[in-house]
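Below: the structure, in structure tokens.
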Amino acid sequence: MSLLQVEKMTHYFGGLKAVYNYNLQIDPGQIKGLIGPNGAGKSTIFNLITGIYKPTEGDIRLEGKSIVGYKPHQVAAMGLGRTFQNMQLWRHMTVLEHVKMARYSKLRYGLCGAFFGTAKRRREEAESDEKAHYFLNMFGVDPLADQNIFNLPYGAQRRVEMARAMATEPKVLFLDEPTAGMNPEELGRMVATIRQVHEELGLAIFLIEHRLRVVMELCESIQTLVFGEIIAEGTPEEIRSNPKVIDAYLGKDVVE
């Protein structure tokens, strides 16, 4: 059984067909990429799978269970963690607070524990704090834990966002353009970090990325989306040489 399976997912915004008959299969430990021109519907697919939108048609199953209709926080608790193309960060919060907030779905001490400061609450809060530092350290931003998030350079903010997504302990990590806006040094560090997370944890990853070198380096399988429909799927080599992909997206100068 696939870890994540999407079948015949279609979505309309009013009369506009944003996604049509979309299928996806992600196995444990697999890195899959999604590429396509601006406006193709890539982020919409992420939003549909992670519960921000509900598909007009089709089914989404995580470990065999349909997750259609669940709210985003419920989907995250079930095992789909994500980052966003435009980072969703809070100006008044520190780096550590961003990551600890993502741990709330893992806390079980309840209302009584919250009011009376029970031993269970203290134990779980200590474990949550330890886990948050673990993920910050994984992405190289633990020394910045007490700083306000907006005091950090752009590349570090991106890594904090990934640490926050990892703090939910996802079964599949969705990365929406994780290297967007990065300089070459930041880009190289991010690619190395994604590869390290995948190798150390065996985590399944679904990646949207405009930088083709990043997709080709990281992904085992790549889908190409144009006007809401998949026109090709295959290995990096197959996608690079596919005539439909070249004509619709890559261009001949990219592959020559």
Side-chain angles (χ1 to χ4, degrees), residues 1-14 16-34 40-90 93 97-111 113-114 124 127-128 131-132 135 161-178 197 201-208 223 225 228-230:
M1 181 184 297
S2 298
L3 179 57
L4 178 66
Q5 191 164 7
V6 180
E7 291 185 346
K8 298 181 179 179
M9 184 173 72
T10 296
H11 190 66
Y12 291 87
F13 291 112
L16 175 65
K17 180 176 68 178
V19 176
Y20 179 71
N21 201 34
Y22 176 77
N23 296 285
L24 172 70
Q25 181 174 307
I26 297 181
D27 298 323
Q30 184 179 27
I31 303 183
K32 179 160 285 192
L34 180 63
K42 302 184 297 298
S43 292
T44 298
I45 285 174
F46 267 34
N47 290 338
L48 288 164
I49 297 174
T50 58
I52 293 177
Y53 304 140
K54 181 179 179 180
T56 307
E57 300 173 9
D59 195 17
I60 305 163
R61 294 197 298 275
L62 179 62
E63 295 182 317
K65 178 181 178 179
S66 179
I67 60 173
V68 173
Y70 284 89
K71 301 296 183 183
H73 70 278
Q74 295 172 316
V75 173
M78 290 175 185
L80 299 187
R82 70 167 295 180
T83 65
F84 293 82
Q85 182 177 356
N86 299 312
M87 291 184 290
Q88 305 295 311
L89 303 173
W90 287 272
M93 294 175 63
E97 288 169 341
H98 271 83
V99 180
K100 287 186 68 174
M101 184 175 65
R103 299 287 307 163
Y104 285 162
S105 65
K106 305 297 181 184
L107 300 178
R108 296 290 181 266
Y109 53 73
L111 190 61
E124 289 191 7
E127 291 172 354
S128 178
K131 279 279 191 178
F135 289 115
E161 188 189 32
M162 289 186 65
R164 181 180 63 185
M166 285 297 300
T168 65
E169 300 184 31
K171 297 168 184 173
V172 185
L173 178 62
F174 285 61
L175 299 177
D176 194 344
E177 298 198 33
V197 169
L201 303 180
L203 182 66
I205 297 174
F206 191 27
L207 171 72
I208 292 175
Q223 295 180 323
L225 187 74
E229 297 186 51
I230 296 297

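Excluded from the calculations below are hydrogen atoms, water molecules and symmetry mates; all remaining heavy atoms, backbone and side chain alike, are included. Remember, predicted model here, so these are calculated numbers, not experimental data. Each residue takes its place number in the sequence, starting with 1.
The nearest pair of heavy atoms linking I208 to P178 is O-CD, 3.5 Å. The two atoms that bring K100 and A132 nearest to each other are CG-CB, 3.7 Å, heavy atoms only. Between V172 and L203, the shortest heavy-atom distance links the atoms N-CD1, 4.5 Å. When all heavy atoms are compared, the tightest approach of I49 to I67 is O-CD1, 3.7 Å.
Ring-plane geometry between H11 and Y53 is classed as parallel, the angle between the planes falling under 30 degrees on a 0 to 90 degree scale with a further cut at 60.
Note that the OG1 atom of T83 and the CG atom of D176 stand 6.0 Å from one another [nearest 0.5 Å].
With sequence neighbours left out, K8 forms a side chain to side chain contact (heavy atoms under 4.5 Å, CB included) with N21, N23. Scored by the side chain to side chain contact (heavy atoms under 4.5 Å, CB included) test, Y12 finds T10, K17, T56 as partners (sequence neighbours excluded).
Side-chain contact between L24 and L34: absent, with no pair of heavy atoms (C-beta onward) separated by less than 4.5 Å. With a 4.5 Å cut-off on side-chain heavy atoms, V19 and F13 do not count as touching. At a threshold of 4.5 Å between non-hydrogen side-chain atoms, the residues V6 and Y22 count as touching. The shortest side-chain heavy-atom distance between I60 and S66 does not fall under the 4.5 Å cut-off. Using a 4.5 Å cut-off on side-chain heavy atoms (C-beta onward), D27 and S2 make contact. L48 is listed as a side-chain neighbour of M9, based on a closest heavy-atom distance under 4.5 Å. L173 places a side-chain heavy atom less than 4.5 Å from the side chain of M166. Residues E63 and M78 are not in side-chain contact: their nearest non-hydrogen atoms beyond the backbone lie 4.5 Å or more apart.
Without hydrogens or angle criteria, Q74 side chain to K71 main chain gives a donor-acceptor distance under 3.5 Å.
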Quiz item: Run the side-chain contact (heavy atoms from CB on, under 4.5 Å) check on I31 and I26 step by step: do they pass?
Solution: CA-CA 8 Å; I31 303 183; I26 297 181; over 6 Å; no
* Can Q25 and L3 be said to form a side-chain contact (heavy atoms from CB on, under 4.5 Å), step by step? -> CA-CA 8 Å; Q25 181 174 307; L3 179 57; over 6 Å; no
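Note: F206 and F46 meet the aromatic proximity criterion, with ring centroids under 6.0 Å apart.
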